[in-house]
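Chain A is the first sequence line, chain B the second, and so forth, proteins listed ahead of strands; every chain is numbered from 1.
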Protein chains: 2
Amino acid sequence: MTLQIDAVDRKLLRALQEDSRKSVQVLGEGVGLSASACHRRLKALEEQGLIEGYRAVLNAGKLGYSMQFFIEVGLTSQSETALEAFETAVQDIPEVLECHLMAGQSDYILRVVCQDHDDFERLHRRLSARLPGVARIHSNMSIRTVKARTGLPV
Amino acid sequence: MTLQIDAVDRKLLRALQEDSRKSVQVLGEGVGLSASACHRRLKALEEQGLIEGYRAVLNAGKLGYSMQFFIEVGLTSQSETALEAFETAVQDIPEVLECHLMAGQSDYILRVVCQDHDDFERLHRRLSARLPGVARIHSNMSIRTVKARTGLPV
DNA sequence: GTTGAAATTAGCCACCC
DNA sequence: GGGTGGCTAATTTCAAC
């Protein structure tokens, strides 16, 4: 998996992370390439898997998701089966946007969004009572999002 | 800000979160709408600000970002100026993808990505030594990403 | 809300240097 | 690796329903 990305590719990736609706024409102008040359670059980046997909970014607040939490979860057992059971269960909870297996004291960190307090209580109950092998839960509420990059540093 | 979103809009938003490159034609077919009617819906969703933008999602691993951390930061002071100074400084660090002001014991939680150990050490030094008013830092490394939704539950 | 058509733009491909 | 040109398909706007 030796990927050779040059400065032009990086510029294209940066531009597409900001706005994937730019046409190959204007993308090409931004890097000093013709539309077709730029098109070939993009296809290559897609085929190499560097570009995983193109997604619409929605406004969480306007969709009613006003609360965000980082939830630390500790399991009663760190056995293979315990981890698998927890991970499978977590996939089915739509409010859980991210789940990471962690090094250190907490087994998992979850990033979740909620519409309101009731929503969070339901989620909290579901995590602590209905998920397999959960020993402890510690919820940290985000008061305000200071920074939220949508993409990676390229 | 009373937004009226019906079931058709939700379906469109769901589809666009998965793949924003679908044509208005196929999007319309998915919800039982003509292309032009579907197009009007999309424009309305954009103008309402429900759709913030369209972005390319890149593969972190293939770009060399193999490490991910959640870093808890405590400040020496929680004064207005201390928070502002920290938040301004954090904006300039590209590896910091997210920064949240938190309720509870930690003042901030940062989600950061790194290419390697050196990269992380540099970042750690920069956070603890060069950022204003930092009292303590606790880094939690993600061993594996179990779940990573790109969008919101719509 | 729909259809259909027109004008514009973008994506794509074969062929060239 | 690069560019030109042309065909096809998509977007976008519009009139009329």
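The side chain of A:V24 sits closest to C:dG11 out of D:dG3, C:dG11, D:dG1. Closest contact between the side chain of A:R41 and the listed nucleotides C:dG1, D:dA10, D:dG1 involves D:dG1. For A:K43, whose side chain is taken as the heavy atoms from C-beta onward, the closest listed nucleotide among C:dC12, D:dT11, D:dT12 is C:dC12.
Looking only at side-chain heavy atoms (C-beta outward), A:C38 and A:L12 come within less than 4.5 Å of each other. Side-chain atoms of A:I71 and A:V96, non-hydrogen and from C-beta on, never get closer than 4.5 Å to each other.
Residues B:Y54 and A:Y54 place their aromatic rings such that the two centres sit no closer than 6.0 Å.
For D:dG2, the base has a donor-acceptor partner in the side chain of A:R40 [N/O atoms by modelled type, under 3.5 angstrom]. Not a single donor-acceptor contact under 3.5 angstrom links the side-chain atoms of B:S36 to the base of D:dT13.
For A:E47 and C:dC12, the CD to P distance is 11 Å, given to the nearest whole Å. Straight-line distance from the CG atom of A:D6 to the P atom of D:dG1: 9 Å, rounded to whole Å. Protein atom CD of B:Q25 is 18 Å distant from nucleotide atom P of C:dG11, rounded to whole Å. Atom-to-atom, CD of B:E29 to P of C:dT3 comes out at 11 Å; the value is rounded to the nearest Å. Residue A:L42 contributes atom CG, which lies 11 Å from atom P of D:dG2 at whole-angstrom precision.
Comparing B:C38 and A:S23 by the nucleotide of DNA chain C whose heavy atom lies nearest to each, the residue mapping closer to the 5' end is B:C38. Taking for each of B:L33 and A:K22 the nucleotide of DNA chain C with the nearest heavy atom, the 5'-most of the two is the partner of B:L33.
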Walk me through it: do B:Y65 and B:E95 pass the test side chain to side chain donor-acceptor pair (under 3.5 Å)?
CA-CA 10 Å; B:Y65 290 100; B:E95 289 91 352; 5.5 Å; no
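Taking side-chain N and O atoms only, A:H39 has a distance below 4.0 Å to OP1 or OP2 of C:dC12. Contact annotation: B:S34 reaches the phosphate of C:dT3 (side-chain N/O to OP1 or OP2, under 4.0 Å).
Within 6.0 Å of NZ on A:K11 lie no more than 12 heavy atoms contributed by other residues, nucleotides or ligands.
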